[in-house]
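Here the structure comes first, spelled out in structure tokens, and everything after it is commentary.
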Amino acid sequence: MKDAYFPQEIEKKWQKIWEEKDVFKTPDNSDKPKYYALSMFPYPSGKLHMGHVRNYTITDVIARFKKMNGYNVLHPMGWDSFGLPAENAAMKHGANPETWTDENIAYMTKQLKMLGLSYDWDREVTTCKPDYYKWTQWLFLQLYKKGLAYKKEAAVNWCEECGTVLANEQVIDGKCWRCDHVVEKKYLSQWFLKITDYAEVLLEDLDKLTGWGDNVKTMQANWIGKSQGAILKFKVVENGLEVPVYTTRPDTVHGITYLVVAPEYKDIEKLTTPENKEAVEAYRANARKMTEIERLSNDRVKTGVPLGTHCINPFTGEKFPLWTADYALVEYGTGAVMAVPAHDTRDFDFAKKYNLPIKVVIIPDTTKDDNGLPYCPTAFLPSLTEAYTEPGVLVNSNEFDGMNNEDAKKAITQKAVDGGFGEFKTQYRLRDWLVSRQRYWGAPIPVVYCDKCGIQPVPEDQLPVLLPKDVDFSVVGKSPITTSKTFINTTCPCCGGPARRETDTMDTFVCSSWYYLRYSDAKNDKMPFSKDKVNKWLPVDQYVGGIEHAILHLLYSRFFTKALRDLGLLDFDEPFKNLLTQGMVLKDGSKMSKSKGNTVDPDEIFENYGADTARLFILSDSPPARDFDWSDAGVEGCYKFLNRVWRLISSNADDISLAYTLPSVLKKENDDMVRLVHIAIKGITNDISNDFQFNTVISKYRELVNAIYDWRGKKTQLDEEDKAVLSFAIVSLIKLMSPVAVHLTEEVWHELGGEGSIHDVDWPEWDENLAKASSITLVVQVNGKVKDKIEADEALSEDELKALALSSEKIKELTEGKTIVKTIVVPKKLVNIVVK
RNA sequence: GCCCUGGUGGCGGAAUCGGUAGACGCGUCGGACUUAAAAUCCGGUUGGAGUUAAAUCCAGUGCCAGUUCAAGUCUGGCCCAGGGCACCA
């Protein structure tokens with residue numbers, strides 16, 4: 001065995017051998033239980049970044065650990081390869097998006113192999129290849145036939161920079177998620193997937209996801225945004241029309257003093273009197289001009305204009321005016337709001353500004369005010385400098401006076417139901433998912449338009465609808481796909497007459513909403529996947545990826561799984577049983593990014609230190625879920641550690657044998673060493689099993705290595721027993737390290753005469769009786785403070801421990817002349833003497 | 001404003017059940033080896049008091065209370081940081 005560690009040499013060698021010998025193939029049929037470990041697949045942007053390295057290393061170690069523990073592990077990889085960057089690169093360099101993408105995939109595949117990841121490459125999935133997007137299109141058609149995909153004219157988010165519409169989830173603070181360009185509203189006819197049909201079940205089933213973090217579940221719950229309330233309908237005095245409002249506060253209905261409709265409200269013209277028409281039109285025109293960001297900005301002063309018409313409150317018979325104001329949103333609820341300034345901060349601000357009346361109908365739930373006088377609404381009113389939004393009891397509310405406001409919500413809505421002017425209503429914030437994109441590099445939406453027959457799905461036997469190659473990427477203001485001479489004109493599948501193809505492609509998030517299913521049966525050319533295989537492998541046992549997909553990809557995938565279950569394509573209802581959201585990789589306290597110039601190129605690390613160092617380091621300093629601060633010194637430290645491991649083994653190689661036999665009775669120092677190995681096996685196994693705490697796993701590698709060095713350093717010559725102990729320690733160490741330092745351990749395994757691959761051996765086991773020190777350190781406290789530590793036999797009884805503690809000179813001194821009130825004994829650990 | 005996560009040395013972080021706070025590493029300081037450097041090895045490193053040196057003592061896990069023989073850990077009330085949602089009625 002060589003004296004020095006040459007990672008570059010051994011890593012290349014083993015990567016080649018593993019590939020030749022198909023070490024990481026996953027058989028579909030096996031007696032072992034299945035385990036599906038999955039990393040979020042990457043967009044082939046060009047090169048791997050450290051975030052990828054972290055993500056894939058975490059999943060790889062999990063996959064290898066599970067394999068060594070007797071599971072048949074599925075650990076695949078693929079490419080989320082449709083999307084705008086490829087198209088932009090094509091426009092910039094005059095290349096084809098496909099060529100650009102293929103080159104990137106080839107380069108990144110090489111990098112993934114250099115990292116020593118245990119993928120079954122036979123299951124590779126590439127979303128931009130026709131053999132994959134054929135099935136994306138097929139699934140779209142199944143959704144269409146079920147009424148879950150539909151086209152409608154709607155106000156949609158438009159990014160001028162990207163030249164396409166965006167889903168709500170892709171608009172962050174009013175800006176495009178990809179390019180940060182301000183998003184505008186446009187009225188366009190677009191394709192949607194009906195995710196709102198699943199709003200309730202997507203929310204409810206979050207409870208089933210016990211293997212997900214609360215942060216992600218809360219984000220999804222907030223995004224779905226369920227609220228319980230009522231629809232109340234108000235008759236317009238002037239023309240008899242009805243204006244329905246959605247409210248979560250039906251208990252405040254007696255306090256309505258005006259009503260607001262959004263500027264875009266559909267019936268707003270009918271609700272406006274001729275005298276007010278001009279002012280209302282001007283206000284609406286102004287609202288249209290404003291960007292979403294301006295309109296939603298929080299500190300904006302509220303504005304509005306009266307429409308001139310009035311409604312009657314069916315509860316009180318009171319007449320109140322209608323206004324339009326842009327603090328009412330057309331897309332939420334009914335687009336109209338009942339205003340109760342006394343009990344809503346927004347209405348309060350508005351009423352103050354326009355001098356509208358404020359009527360108190362809820363007061364704090366107490367019978368006396370600060371002066372000991374009974375509360376009354378008129379006394380409460382002058383003190384009202386802001387809306388009272390807390391719980392309380394009703395006043396000024398006829399028969400509901402004195403009722404608790406929570407009870408009143410139900411009672412008042414019930415009265416509206418009985419009177420025919422209202423209903424209970426559950427409202428969600430979630431909108432349908434806009435999936436059409438006016439771009440080239442995506443899966444074509446498989447429909448055609450016929451003047452006679454309307455929208456027609458492409459027959460399934462004509463799939464895939466291939467992307468045309470004869471396109472001009474230099475066009476501005478429209479999708480390159482529209483420049484194709486061969487793509488657009490086709491025949492109607494229904495009447496055979498002339499028809500046009502849909503030129504929009506699908507959001508890439510559609511492609512990525514089902515890729516994890518395809519891995520179970522990646523080469524199927526009859527179906528997206530067979531039901532047997534998908535049911536066998538899914539759900540994913542451990543999914544690992546970035547928190548940035550907390551809503552987007554993870555919500556869409558959950559929706560897809562539920563929809564495909566309802567289509568009968570699979571039998572489970574959640575795709576990802578356990579989710580690990582890894583933290584970001586930081587450098588100098590901020591996220592690695594090209595613009596900040598603080599990136600570290602994985603290639604350089606592989607070249608200078610080897611993949612094993614990179615793997616070890618990326619797992620070492622922080623728990624996986626937390627952000628990880630990259631430090632060059634830290635990399636250096638991990639490299640030194642691997643060298644230290646190498647030297648430990650190479651300098652003792654002649655004394656290590658894989659076929660060792662440990663005698664049952666050992667010398668004291670050898671017994672202690674064996675115990676330390678058992679402690680390490682137990683600790684490392686538990687740390688991996690328990691939330692994948694790889695940082696402590698690695699600190700335990702170091703402790704074990706330090707202990708073996710210490711033990712060895714005390715011996716000048718080794719007898720047979722010593723050699724067996726050394727062999728046991730070293731063999732255990734390399735097995736424990738094999739999921740992380742995949743190449744080094746394989747090399748050492750073979751240098752020591754091992755057969756096959758260390759990655760096929762079983763995970764070491766520990767003996768519970770040996771996984772602890774031979775004696776205990778008894779901690780002696782006086783009044784809860786540590787005062788002495790005594791080595792003791794662990795077999796001692798409580799009374800013996802107590803006696804031992806009291807026999808300590810130190811304790812005698814401290815307790816002298818004082819009364820021992822109480823003595824607490826924690827077996828095998830601690831004695832606390834309470835004195836006065 | 002609401003929700004989630006977190007707050008421990010110079011730094012990353014460790015501490016199954018409430019039971020030795022600071023494992024392991026980085027950095028740093030000192031030493032060994034060397035003509036020298038690198039590499040390697042050994043030792044110190046929470047703060048304060050104390051001592052020639054040690055022993056030893058006191059304080060200490062964001063803040064304030066509480067429960068307990070014992071609190072980083074449990075309870076109540078705050079403060080701060082990061083993230084998510086938000087004129088959503």
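Quick note: numbers below take in every heavy atom, side chains included, and nothing from hydrogens, waters or symmetry partners. Lettering of chains follows the sequences in order, A, B, ..., and the numbering in each one begins at 1.
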Checklist line | Between B:rA86 (P) and A:Glu331 (CD): distance, integer Å | finding: 11 Å
Margin query: From C-beta outward on A:Asp710, which listed nucleotide comes closest to its side chain: B:rG84, B:rG19, B:rC42?
Written below: B:rC42
Next item on the list: Please give the nucleotide sitting opposite B:rA54 as a Watson-Crick or G-U wobble pair, both distances under 3.5 Å, or none.
Entry: none
Check: Looking for any heavy atom pair under 4.0 Å, which part of the strands does A:Lys700 touch: base, sugar-phosphate only, or nothing?
Finding: nothing
Notebook entry, point to check: Across the strands shown, which category fits A:Gln781 at heavy-atom distances under 4.0 angstrom: base, sugar-phosphate, nothing?
Noted result: base
Checklist line | Whole-Å distance separating the CG atom of A:Asn783 from the P atom of B:rC69 | finding: 11 Å
Notebook entry, point to check: Is B:rC69 in the syn range, within 90° of 0, or in the anti range?
Noted result: anti
Margin query: With a cut-off of less than 4.0 Å, is there a side-chain N or O of A:Arg702 near OP1 or OP2 of B:rA23?
Written below: no
Note to self: Rounding to an integer number of angstrom, what distance separates B:rG10 and B:rC58 when you compare their C1' atoms?
What the structure shows: 23 Å
Next item on the list: Report which part of the nucleic acid A:Val826 touches: base, sugar-phosphate, or nothing (heavy-atom distance under 4.0 Å, all strands).
Entry: base
Next item on the list: Take atom CG of A:Leu203 and atom P of B:rC3, then tell me their distance rounded to the nearest Å.
Entry: 16 Å
Next item on the list: Output yes when at least one side-chain N/O atom of A:Arg626 is less than 4.0 Å from OP1 or OP2 of B:rG6, else no.
Entry: no
Item checked: B:rU56 OP1/OP2 closer than 4.0 Å to side-chain N/O of A:Lys787 -> no
Notebook entry, point to check: Considering only B:rC4, B:rC87, B:rC26, which nucleotide approaches the side chain of A:Arg346 most closely?
Noted result: B:rC87
Notebook entry, point to check: OP1, OP2 of B:rC3 versus side-chain N and O of A:Gln220: anything below 4.0 Å?
Noted result: no
Checklist line | B:rA59 OP1/OP2 closer than 4.0 Å to side-chain N/O of A:Lys785 | finding: yes
Check: Does any non-hydrogen side-chain atom of A:Met737 lie less than 4.5 Å from one of A:Asp612?
Finding: no
Check: Which part of the nucleic acid, if any, lies within contact of A:Lys810, taking any heavy atom under 4.0 Å across all strands shown: a base, the sugar-phosphate backbone alone, or nothing?
Finding: sugar-phosphate
Next item on the list: Just call it for A:Lys217: base, sugar-phosphate, or nothing, with non-hydrogen atoms closer than 4.0 Å on any strand.
Entry: nothing
Note to self: Checking contacts here: which listed nucleotide (B:rG19, B:rA14, B:rU5) is nearest the side-chain heavy atoms of A:Asp214?
What the structure shows: B:rU5
Next item on the list: Tell me, yes or no, whether the heavy-atom count around A:Lys226 atom NZ, taken from other residues, nucleotides or ligands under 6.0 Å, exceeds 12.
Entry: yes
Notebook entry, point to check: Roughly, in whole Å, what's the span from CE in A:Met338 to P in B:rC88?
Noted result: 15 Å
Note to self: Suppose we define a pair by two distances each less than 3.5 Å, Watson-Crick or G-U wobble; what does B:rG19 pair with here?
What the structure shows: B:rC69
Margin query: Please tell me if A:Tyr246 has a side-chain N or O lying less than 4.0 Å from either OP1 or OP2 of B:rC88.
Written below: no
Check: Among the nucleotides B:rG27, B:rA21, B:rA14, which one has an atom lying closest to any side-chain atom of A:Ala633?
Finding: B:rG27
Checklist line | A:Asn706 side-chain proximity, nearest of B:rA86, B:rA89, B:rG25 | finding: B:rG25
Check: Using a cut-off of 4.0 Å on non-hydrogen atoms, how would the nucleic acid contact of A:Asp629 be classed: base, sugar-phosphate, or nothing?
Finding: nothing
Check: Now, which nucleotide makes the Watson-Crick or G-U wobble pair with B:rA89, with each of the two distances under 3.5 Å?
Finding: none
Check: Any side-chain N or O of A:Arg644 less than 4.0 Å from the OP1 or OP2 oxygen of B:rC41?
Finding: yes
Notebook entry, point to check: Nearest to the side chain of A:Asn222, which nucleotide is it out of B:rC17, B:rU56, B:rC85?
Noted result: B:rC85
Note to self: Could you identify the nucleotide paired to B:rU40, looking across every strand shown and requiring Watson-Crick or G-U wobble geometry with both distances under 3.5 Å?
What the structure shows: B:rA32
Next item on the list: Select from A:Glu636 and A:Phe628 the residue whose nearest nucleotide in RNA chain B is closer to the 5' end of that strand.
Entry: A:Phe628
Check: Do A:Trp433 and A:Glu169 meet the criterion of a side-chain donor-acceptor pair at a distance under 3.5 Å?
Finding: no
Notebook entry, point to check: Side-chain donor or acceptor of A:Asn832 under 3.5 Å from a matching atom on the base of B:rC69?
Noted result: yes
Check: Does B:rG82 pair with anything, Watson-Crick or G-U wobble, both distances under 3.5 Å, and if so, with which nucleotide?
Finding: B:rC4
Margin query: Walk me through whether A:Leu232 and A:Lys425 qualify under side chain to side chain contact (heavy atoms under 4.5 Å, CB included).
Written below: CA-CA 10 Å; A:Leu232 300 175; A:Lys425 170 79 177 171; over 6 Å; no
Next item on the list: Go through B:rA86, B:rC3, B:rC41 for me and flag the one nearest to the A:Trp223 side chain.
Entry: B:rA86
Check: Below 3.5 Å, does any donor atom in the side chain of A:Lys302 face an acceptor in the base of B:rC87, or the other way round?
Finding: yes
Next item on the list: Output the single nucleotide from B:rG84, B:rG13, B:rA59 whose closest atom is nearest the side chain of A:Ser622.
Entry: B:rG13
Next item on the list: Can you figure out which of B:rC17, B:rC3, B:rC24 approaches the side chain of A:Ser699 most closely?
Entry: B:rC24
Notebook entry, point to check: Considering only the P atoms, how many Å lie between B:rC63 and B:rC11, rounded to the nearest integer?
Noted result: 15 Å
Notebook entry, point to check: Starting at NZ of A:Lys822 and ending at P of B:rA70, how long is that distance when rounded to a whole Å?
Noted result: 9 Å
Next item on the list: Check the distance between B:rC42's P and A:Lys714's NZ and give it to me in whole angstrom.
Entry: 11 Å
Check: Is there a donor-acceptor pair closer than 3.5 Å between any side-chain N or O of A:Tyr701 and the backbone N or O of A:Ile684?
Finding: no
Next item on the list: Just call it for A:Thr247: base, sugar-phosphate, or nothing, with non-hydrogen atoms closer than 4.0 Å on any strand.
Entry: sugar-phosphate
Check: Centroid-to-centroid, A:Tyr258 to A:Phe350, below 6.0 Å?
Finding: yes
Check: What is the distance from CG of A:Asp326 to C1' of B:rC87, rounded to the nearest Å?
Finding: 9 Å
Margin query: Could you report the tightest heavy-atom contact between A:Phe617 and A:Phe628, atom names first, then the distance?
Written below: O-CZ, 3.3 Å
Checklist line | Among A:Asp251, A:Thr252, A:Thr247, side chain to side chain donor-acceptor pair (under 3.5 Å) partner for A:Arg249 | finding: A:Asp251
Notebook entry, point to check: Syn or anti: how is B:rG9 classified when any glycosidic angle within 90° of 0 counts as syn?
Noted result: syn
Check: Which whole-number value in Å describes the distance from A:Arg429 CZ to B:rA89 P?
Finding: 10 Å
Notebook entry, point to check: Taking for each residue the nucleotide of RNA chain B bearing the nearest heavy atom, is the 5' side occupied by A:Lys682 or by A:Glu703?
Noted result: A:Lys682
Notebook entry, point to check: How far does the P atom of B:rU16 sit from the matching atom of B:rG72, given to the nearest Å?
Noted result: 13 Å
Next item on the list: Using a cut-off of strictly less than 4.0 Å, decide whether A:Asn695 has a side-chain nitrogen or oxygen near OP1 or OP2 of B:rA14.
Entry: yes
Item checked: Polar contact flag, side-chain donor to acceptor under 3.5 angstrom, A:Trp630-A:Asp632 -> yes
